[in-house]
Structure formats: structure tokens, C-alpha cells
Enquirer: 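Have a look at the structure that comes next, please.
For clarity, every value in this text was computed on a predicted model and none was experimentally measured. Residues take their numbers from the sequence shown, with the count starting at 1.
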Amino acid sequence: VQLVESGGGLVQAGGSLRLSCATSGLGFAEHAIGWFRQAPGKEREGVSGISSSDNSTYYKDFVKGRFTISMDAAKNTVFLQMNNLKPEDTAVYYCAADVHYSGNYWGMPRSEYDYWGQGTQVTVSS
């Protein structure tokens, strides 16, 4: 299984970015793809998730209304559209796969995710 993130960059506060997570090797079994982020000196935290079977989604409160997760199954790619970005959104963003997903995100603990990408830097200037 491989996950490769892209789309990070530098943007001013209030701006937008779209992150992509290209996946391979996951097959047709149900799984979830999650976006996480890690700011300097902080723990890695879940941001949003989407399931492969029914495209059900999950968002942490701090991104609700600003971020949108979507999946292009034909291209094996998951997107994270980030609007109205804030300086506190600055972090390395990672996508990860939960291959044992069974319908509940359980708040997206890191331990539930089996495979990780290398991350992409998002920097929001004030």
C-alpha cells in the first residue's frame, strides 16, 4: 500500500488549497482514508476522514465548514479542499489508510491507521 500527498504550499490567511492523496494497493475491500496534521511541537491530530464504501465523511470541529473531503474512486485519489485557511492550520498534512475500518471513525485515533504518506507542508501566513 502506498499513499502520496501533494498540493501543499504557502498561502495567505483566508486563502485556499486543495490537497491530494494518491493511493495504491488498497484493493476493493472497505477502508477509510484520513487526513491528519502535525504542527511543530504538537501531536499529530486527525482532521477529516472518508470511507471507500459509502463516502461517509467525518470532520473535526475545528475544520467543519471550512474543509471538504472527497474521493475520486476511479483515480484512487482523496482530496481535501481547504478554504478560509488560518495561520493555526499551518502544519504538515498526512493522509493515512485504515484498512480495518468498519463504519465508525471513533474520533480518528492515529492507532487505527495502518499506512501513512510522507506528508505535505501547508503554511498559512497572517
Side-chain angles (χ1 to χ4, degrees):
V1 175
Q2 287 191 318
L3 301 98
V4 180
E5 303 95 335
S6 61
L10 173 63
V11 65
Q12 288 188 331
S16 299
L17 283 173
R18 189 175 82 153
L19 304 182
S20 299
C21 173
T23 71
S24 62
L26 286 168
F28 296 101
E30 182 176 22
H31 57 273
I33 300 296
W35 283 99
F36 291 75
R37 69 187 187 185
Q38 187 166 17
K42 294 189 176 181
E43 294 286 320
R44 192 173 299 186
E45 62 182 355
V47 174
S48 181
I50 189 166
S51 74
S52 65
S53 58
D54 60 4
N55 280 6
S56 64
T57 59
Y58 173 87
Y59 296 94
K60 285 294 185 77
D61 286 345
F62 53 79
V63 300
K64 282 181 180 177
R66 300 190 299 126
F67 291 10
T68 303
I69 192 169
S70 61
M71 178 181 288
D72 184 335
K75 296 182 179 180
N76 295 319
T77 302
V78 173
F79 303 98
L80 186 68
Q81 177 67 43
M82 306 186 296
N83 298 329
N84 191 23
L85 283 160
K86 305 175 181 180
E88 51 264 42
D89 294 318
T90 294
V92 177
Y93 283 71
Y94 301 87
C95 64
D98 175 3
V99 299
H100 304 292
Y101 174 76
S102 58
N104 196 314
Y105 289 98
W106 300 112
M108 294 185 64
R110 289 176 56 184
S111 58
E112 290 294 310
Y113 288 77
D114 309 283
Y115 301 95
W116 293 81
Q118 82 289 350
T120 186
Q121 177 70 47
V122 171
T123 303
V124 184
S125 62
S126 57

Enquirer: Under 6.0 Å between ring centres: does that hold for F67 and W35?
Expert: no

Enquirer: Any chain of hydrophobic side-chain contacts (each under 4.5 Å) joining V1 to M71?
Expert: yes

Enquirer: Kindly write out the residues that satisfy side-chain hydrogen bond (donor to acceptor under 3.5 Å, both in side chains) with Y93, not counting sequence neighbours, or none if the list is empty.
Expert: R37

Enquirer: Restricting to side-chain hydrogen bond (donor to acceptor under 3.5 Å, both in side chains), what partner residues turn up for S70, sequence neighbours left out?
Expert: none

Enquirer: Can you give me the closest heavy-atom contact between I33 and A97, atom names plus distance?
Expert: CD1-CB, 3.8 Å

Enquirer: Could you tell me whether Q121 atom CD has more than 12 heavy atoms of other residues or ligands within 6.0 Å of it?
Expert: yes

Enquirer: Looking at K86 and D89, is any side-chain nitrogen of the basic one under 4.0 Å from a carboxylate oxygen of the acidic one?
Expert: no

Enquirer: Measure the spacing between CH2 of W106 and CD of E112 and express it to the nearest 0.5 Å.
Expert: 9.0 Å

Enquirer: Group every Ile, Leu, Val, Met, Phe, Trp and Tyr by side-chain heavy-atom contacts under 4.5 Å, then state whether I50 and F62 land in the same group.
Expert: yes

Enquirer: Please report the interatomic distance OH(Y94) to CD(E45), rounded to the nearest 0.5 Å.
Expert: 12.5 Å

Enquirer: Roughly how far apart are W116 CH2 and E5 CD, rounded to 0.5 Å?
Expert: 9.5 Å

Enquirer: With hydrophobic residues grouped by side-chain heavy-atom distances under 4.5 Å, do L80 and V122 end up in a single group?
Expert: yes

Enquirer: Please name the pair of heavy atoms, one in F79 and one in D72, separated by the smallest distance, quoted to 0.1 Å.
Expert: CE1-CB, 3.8 Å

Enquirer: So, for T120 and G8, which heavy atoms are closest and what is the spacing to 0.1 Å?
Expert: OG1-N, 3.2 Å

Enquirer: For a quick test of reading the model, state the closest non-hydrogen atom pair linking I69 to V78 and the distance between them.
Expert: CG1-CG1, 3.8 Å

Enquirer: Which pair of non-hydrogen atoms, one from P87 and one from A13, has the smallest distance, and what is that distance?
Expert: CD-CB, 4.1 Å

Enquirer: Compare every heavy atom of S56 with every heavy atom of Y105, then report the nearest pair and how far apart it is.
Expert: OH-O, 2.7 Å

Enquirer: Can you tell me how far OG of S51 sits from CG of N104, rounded to the nearest 0.5 angstrom?
Expert: 11.5 Å

Enquirer: To the nearest 0.5 angstrom, please state how far the OG atom of S125 sits from the CD atom of Q12.
Expert: 5.0 Å

Enquirer: To the closest 0.5 Å, what do you measure between CE (M82) and OG1 (T68)?
Expert: 11.0 Å

Enquirer: Name every donor-acceptor pair, under 3.5 Å, that has one atom in a side chain of residues 14-28 and the other anywhere in the protein, sequence neighbours excluded.
Expert:
unit_1 : atom_1 : unit_2 : atom_2 : d
S16    : OG     : N83    : OD1    : 2.9
T23    : OG1    : N76    : O      : 3.0

